[in-house]
2 protein chains.
Amino acid sequence: MIEVELETTEQRILDAAEELFYGQGIQLVGMDAIRTASGVPLKRLYQIFPSKNSLVEAYLKRRDARWLHDLAQYVDSYDSPTQRMLAVFDWLFLWFSEPDYRGCGFINSFGELGATSQAVADIAKAHKDAFRRYLADLVAAADAPTWLTDQVVLLAEGAMTTAAISGSPEPARHAKDAARILLRTAHAGVVTAV
Amino acid sequence: MIEVELETTEQRILDAAEELFYGQGIQLVGMDAIRTASGVPLKRLYQIFPSKNSLVEAYLKRRDARWLHDLAQYVDSYDSPTQRMLAVFDWLFLWFSEPDYRGCGFINSFGELGATSQAVADIAKAHKDAFRRYLADLVAAADAPTWLTDQVVLLAEGAMTTAAISGSPEPARHAKDAARILLRTAHAGVVTAV
DNA sequence: ACCGTAAGAGAACGTTCGTTTTCGAGAATA
DNA sequence: TATTCTCGAAAACGAACGTTCTCTTACGGT
């Protein structure tokens with residue numbers, strides 16, 4: 001019982017932390033705000049996360065896992081390898097359309113703390129590496145050459161920041177259009193020089 | 001004389017502010033650090049910039065103008081419209097290769113403060129809009145369709161963040177490769193469906 | 001019923017930060 | 001020379017933050 005309760009308390013803290021950290025930026029959110037939002041007293045909060053840094057890292061790691069899980073789950077609703085690769089951008093479009101979308105939490109935290117916190121920089125890098133590996137699998141399954149992975153990564157990353165700053169989900173469509181063209185070109189095996 | 005001196009004092013403050021704000025993140029840099037780095041006493045600093053917010057905005061606006069100017073200057077060393085468009089990515093490669101490269105200052109400041117400061121959000125948006133307009137001109141000059149602009153923007157933006165987090169300038173090359181393919185496809189006027 | 005313990009609410013502490021004020025020295029003016 | 005003004009160095013102030021501590025209450029075991 002105790003452990004179950006502790007588990008849910010931890011989840012409540014992380015839920016509050018994620019909403020606040022992502023929505024306002026990490027440094028603008030104090031531990032008091034997390035206490036208020038989660039309803040968990042400071043004492044217990046510090047028993048579970050002994051410092052704000054540890055809470056930040058836990059927030060990022062949980063978001064990392066869930067983000068990739070949600071993406072993979074969406075992609076899994078498609079069968080054709082080509083459609084699975086392009087479905088990534090449909091999922092991005094849904095994400096960008098959420099009313100409180102504010103860019104990629106890892107890009108944001110890297111820009112905010114990456115220069116001073118090696119831990120945050122490492123988690124952001126690990127997240128982007130994992131995303132790249134996932135795309136690499138989709139690209140390989142679509143019988144496309146490896147180098148297409150790097151290009152698709154750039155389109156996805158660019159769409160995240162452009163959608164955030166412009167406040168529109170359209171970049172996901174533009175990225176999908178570009179990815180479709182690149183995929184088709186790759187399939188055609190065109191090799192020329194400009 | 002007074003105005004000239006004030007001018008150089010303002011520049012010294014902005015030079016220090018830019019290095020610190022860009023290198024460490026805005027919120028991690030205190031006014032004391034800027035005083036120390038610039039050698040300008042706090043009193044005078046507050047005479048020229050009446051608040052940290054105003055200094056932040058001045059930093060972003062000056063960086064915006066200089067960034068686009070430097071890019072255009074580099075692009076202007078090429079003649080062929082196609083090469084001019086692709087030269088953007090060569091310039092990005094040079095930028096990413098600087099030892100203290102830490103991503104796009106506007107993406108970073110947007111992630112850090114965009115949720116709370118409308119001014120910062122607006123400046124970031126204006127900067128990206130200006131960048132997009134510049135690329136649109138290059139795309140039009142290369143006789144490519146308008147929609148290529150959106151795709152090239154995404155490649156460039158994606159390269160900035162991927163280079164920052166991965167710590168490598170290679171994303172600039174990958175973006176250039178993709179842009180070349182998209183440009184060629186656009187020129188060929190291929191219109192098909194997947 | 002009694003005692004020990006845990007736990008919540010919030011005060012308190014020490015530090016940092018943005019901003020203002022003070023103080024003292026030096027230059028310009030009458 | 002006496003006085004006013006300017007300006008740099010640094011102290012000071014008020015708020016906010018991360019973290020710890022205190023006090024009170026309520027519950028569990030005997």
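Below, chains carry the letters A, B, ... as their sequence lines are ordered, and counting in each starts from 1.
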Minimum heavy-atom separation for B:Ser38 and B:Ile13, please, with both atom names.
CB-CA, 4.1 Å

Will you find, in the side chains of B:Gln118 and B:Asp122, an N or O donor that is under 3.5 Å from an N or O acceptor?
yes

May I have the distance from A:Ile34 (atom CD1) to D:dT19 (atom P), rounded to whole angstrom?
11 Å

Can you measure B:Leu45 atom CG to C:dG18 atom P for me and round it to whole angstrom units?
11 Å

State yes or no: are the ring centers of B:Phe131 and B:Trp67 separated by less than 6.0 Å?
yes

Does the distance from a Lys or Arg side-chain N to an Asp or Glu carboxylate O, for A:Arg44 and A:Glu10, drop under 4.0 Å?
no

Salt-bridged, A:Glu57 to A:Lys52, with N to O below 4.0 Å?
no

Using whole Å, what does the distance between atom C1' of nucleotide C:dG18 and atom NZ of B:Lys52 come to?
8 Å

Length of the line joining B:Ile48:CD1 and C:dT19:P, which is rounded to integer Å
15 Å

Considering only heavy side-chain atoms of B:Pro41, the closest of D:dT19, D:dG8, C:dG18 is D:dG8

Results of ring pair (Phe, Tyr, Trp, His ring centres under 6.0 Å) for B:Phe89 - residues two or more places apart only
none

Could you state the atom-to-atom distance from CG of B:Asp32 to P of C:dT20 in whole Å?
14 Å

Across the strands shown, which category fits A:Lys43 at heavy-atom distances under 4.0 angstrom: base, sugar-phosphate, nothing?
base

Take atom CG of B:Leu42 and atom P of C:dC17, then tell me their distance rounded to the nearest Å.
13 Å

With sequence neighbours excluded, what pairs up with A:His174 under the ring pair (Phe, Tyr, Trp, His ring centres under 6.0 Å) test?
none

Rounding to an integer number of Å, can you tell me how far A:Tyr46 OH sits from C:dA9 C1'?
16 Å

Can you find a side chain N or O atom of A:Arg44 that sits less than 4.0 Å from OP1 or OP2 on C:dG8?
yes

Protein-nucleotide distance (B:Met31, atom CE; D:dA11, atom P), rounded to Å
19 Å

Counting only non-hydrogen atoms, which of residues 19-29 of chain A are less than 4.0 Å from DNA chain D?
A:Val29

